[in-house]
Amino acid sequence: MRIDVVSIFPDYLAPLRLSLLGRAQEDGLLTLTVHDLREFTSDRHRTVDDTPYGGGAGMVMKPEPWALALGRVLAAQTGVSDASVDDGAAGAPAGGARRPVLIVPSPAGQVFTQAMAHELAEEPTLAFACGRYEGIDERVLDWAGEHFDVRPVSLGDYVLNGGEVAVMAMVEAVGRLLPGVVGNPHSLVEESHSDGLLEYPVYTKPASWRGHEVPEVLLSGNHGRIAQWRLEQQLRRTAARRPELLEGADASAYGKAERAVLRELGFEVADGRLRRA
Ligand code: SAM
């Protein structure tokens, strides 16, 4: 996969060169390029922001540097020449080809989820436009929509200072799903959110630590009992911490034992789906 990130703080993205994603880049599984938005300004002060039309607090990111930077990204990702993008001549991709995805981090976007991470991991390229100040002039998104599949995406219902932290989270979540990035692909299957539930608690040696014991079942060697215990823990943890994940969930995989636990937790099955009892 090829990923391009545009930011006024390219150094913010440096941690993406570490650990598993760093190795993925060394191994050629991922190409990550970070572009400095200020490189696409033409004035002495390398200005990227201006006052908002209509008044109000803060500054807004100017459209022109963004168009030039995203034109460069589009050229790198698709081969469309910079110049044709600048004057709008490129238009939609020829032959019904899919537009590259451009993610615009925003607290006003669709909330990022594991399902979205899986969907994005299927893309050959991703571009990210990190906003700062009060955000990017809305016309950039309109214009970019002629060339990209533009998706405003939020990390959650809170406000960050800029898009960089959100991009780091999204790139890490997507990057670890790329084939070969995580050594044991099985570890991706049993994680929180992979089956709509939170993950069960995990333990390692020693079996007894400061008066706290590892649950006996995990020492039993009985894989059937362990799997059953883990699923029950998933249900209990999800009901306690994120009950909304259970409401309306598909219950067809749950047998008698799980349904009894769910009843105890205040959920029942109706038409194959879970609802609060
Ligand atoms: N005025 C904007 C609003 O209320 O929607 C918030 C601007 S915020 C201070 C600056 C930038 O941080 C945004 O343009 C966006 O790139 C990023 N950002 C802030 N919160 C975010 C979130 N929850 N998810 C993704 N990006 C976020």
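Every number for a ligand or one of its atoms is a count from 1 in the order of the listing.
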Colleague: Checking contacts here: is it the side chain or the backbone of Asn161 that comes within 4.0 Å of ligand 1, counting heavy atoms only? Could be both or neither.
Modeller: backbone

Colleague: Should the pair Asp271-Arg273 be classified as a salt bridge under the 4.0 Å nitrogen-to-oxygen rule?
Modeller: no

Colleague: If the cut-off is 4.0 Å to any non-hydrogen atom of Gly163, which atoms of ligand 1 fall inside it?
Modeller: 12 (O), 16 (O), 17 (C)

Colleague: Considering heavy atoms of the protein only, find what lies nearest to atom 26 (N) of ligand 1 and give residue, atom and distance to 0.1 Å.
Modeller: Ser106 N, 3.3 Å

Colleague: With heavy atoms only and a cut-off of under 4.0 Å, state how Val153 meets ligand 1: side chain, backbone, both or neither.
Modeller: backbone

Colleague: Do any nitrogen or oxygen atoms of Ala108 come within less than 3.5 Å of a nitrogen or oxygen of ligand 1?
Modeller: no

Colleague: Can you list the residues that meet the side chain to side chain contact (heavy atoms under 4.5 Å, CB included) rule with Tyr53, with sequence neighbours excluded?
Modeller: none

Colleague: Could you tell me the residue and atom name of the protein heavy atom closest to atom 2 (C) of ligand 1, and the distance to it rounded to 0.1 Å?
Modeller: Glu134 O, 3.8 Å

Colleague: Is any side-chain N of the basic residue among Arg46 and Glu39 closer than 4.0 Å to the acidic one's carboxylate O?
Modeller: yes

Colleague: Could you tell me whether the side chains of Glu191 and Gln114 share a donor-acceptor contact shorter than 3.5 Å?
Modeller: no

Colleague: Do Leu218 and Arg230 come close enough that some side-chain heavy atom pair is under 4.5 Å?
Modeller: yes

Colleague: Give a yes-or-no answer on whether the side chains of Gln25 and Arg17 include a donor-acceptor pair shorter than 3.5 Å.
Modeller: yes

Colleague: Does only the side chain of Ala166 get under 4.0 Å from ligand 1, or the backbone, or both, or neither? Count heavy atoms.
Modeller: side chain

Colleague: Got a salt bridge between Arg276 and Glu247, using NZ or NE/NH1/NH2 to carboxylate O under 4.0 Å?
Modeller: yes

Colleague: Looking only at distances, can you tell me whether any N or O atom of Gly156, backbone or side chain, sits closer than 3.5 Å to an N or O atom of ligand 1?
Modeller: yes

Colleague: Hey, which atoms in ligand 1 end up nearer than 4.0 Å to a heavy atom of Gly135?
Modeller: 14 (O)

Colleague: Just need the protein heavy atom nearest to atom 16 (O) of ligand 1, so name the residue and atom and give the distance.
Modeller: Pro105 O, 2.9 Å

Colleague: Judging by distance only, is a nitrogen or oxygen of Leu160 under 3.5 angstrom from one on ligand 1?
Modeller: yes

Colleague: Measure the distance from atom 3 (C) of ligand 1 to every protein heavy atom, then report the residue, atom name and distance (to 0.1 Å) of the closest one.
Modeller: Pro107 CG, 3.8 Å

Colleague: Evaluating non-hydrogen atoms only, which member of Gly56, Pro152, Gly162 is closest to atom 17 (C) of ligand 1?
Modeller: Gly162

Colleague: Heavy-atom contacts with Leu155 under 4.0 Å: which atoms of ligand 1 show up? List them by number with element.
Modeller: 22 (C), 23 (N), 24 (N), 25 (C)

Colleague: Taking only heavy atoms of Gly131 into account, list the atoms of ligand 1 that are under 4.0 Å away from them.
Modeller: 11 (C), 14 (O), 16 (O)

Colleague: Any ion pair linking Glu264 and Arg236 (charged N to carboxylate O, less than 4.0 Å)?
Modeller: yes

Colleague: With a 4.0 Å cut-off on N to O distance, would you call Arg225 and Glu216 a salt bridge?
Modeller: yes

Colleague: Judging by distance only, is a nitrogen or oxygen of Tyr133 under 3.5 angstrom from one on ligand 1?
Modeller: no

Colleague: Determine whether a donor-acceptor pair (N or O, by modelled atom type, separation under 3.5 Å) exists between the side chain of Arg237 and the backbone of Leu198.
Modeller: no

Colleague: Which residue holds the protein heavy atom closest to atom 23 (N) of ligand 1, what is that atom called, and what is the gap in Å?
Modeller: Tyr158 O, 2.7 Å

Colleague: Once side chain to side chain contact (heavy atoms under 4.5 Å, CB included) is applied, do any residues pair with Arg132, and if so which ones, sequence neighbours excluded?
Modeller: Ile8, Phe9, Tyr12, Met61, Asn161, Glu164

